[in-house]
Amino acid sequence: MVHALNEIRRVLAPDGILIDLRPLAANWPIEVATSQDFLEAGRLSDSATGLEDDRAANESMANAEAQKWFIRQREEFFHFFIIGIHQMK
């Protein structure tokens, strides 16, 4: 990711904004939506490599900030939903 951040720094417009967006969760719920309710169908866990990749990305961002490539303005965590819709025939 260090190479990617260096390339972003090279091409980002002055006063441009870098958004580091990485979905990460543990034990994601898998739900089935009906017209009246949401039914839990199971859980999906992150793989160990996903967590390792996230830690490496955090280190890369910290290094880029330490080198003054970017200035962190805000950090937020939020829920992320993926919705698949299938039409019944």
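Only heavy atoms go into these numbers, but all of them, side chains included; no hydrogens, no water, no symmetry mates.
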Within a reach of under 6.0 Å around [atom1] of [X], are more than 12 heavy atoms found that belong to other residues, nucleotides or ligands?
X   : atom1 : value
I17 : CD1   : no
E40 : CD    : yes
L39 : CG    : yes

- prompt: In chain order, what residues pass the side chain to side chain contact (heavy atoms under 4.5 Å, CB included) check against E7, with sequence neighbours excluded?
  reply: R10, V11
Once you round to the nearest 0.5 Å, how far does [atom1] of [X] lie from [atom2] of [Y]?
X   : Y   : atom1 : atom2 : answer
H3  : I8  : NE2   : CD1   : 13.0 Å
D54 : E59 : CG    : CD    : 10.5 Å
R55 : S60 : CZ    : OG    : 13.5 Å

message: To check you understand the geometry: which heavy-atom pair defines the closest contact between W69 and R9, and what is its length?
response: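 For W69 and R9, the tightest heavy-atom pair comes out as CG-CD, 3.1 Å.
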task: Please test D37 against E31 for side chain to side chain contact (heavy atoms under 4.5 Å, CB included), starting from the C-alpha separation and ending with a verdict.
output: CA-CA 10 Å; D37 206 356; E31 298 174 329; over 6 Å; no
- request: List in chain and number order the residues that pass salt bridge (Lys or Arg N to Asp or Glu O under 4.0 Å) with R72, two or more places apart in sequence or in another chain; answer none if no residue qualifies.
  value: E65, E75
- prompt: Do the non-hydrogen side-chain atoms of L5 and N63 ever get within less than 4.5 Å of each other?
  reply: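 The answer is no; the side chains never approach within 4.5 Å.
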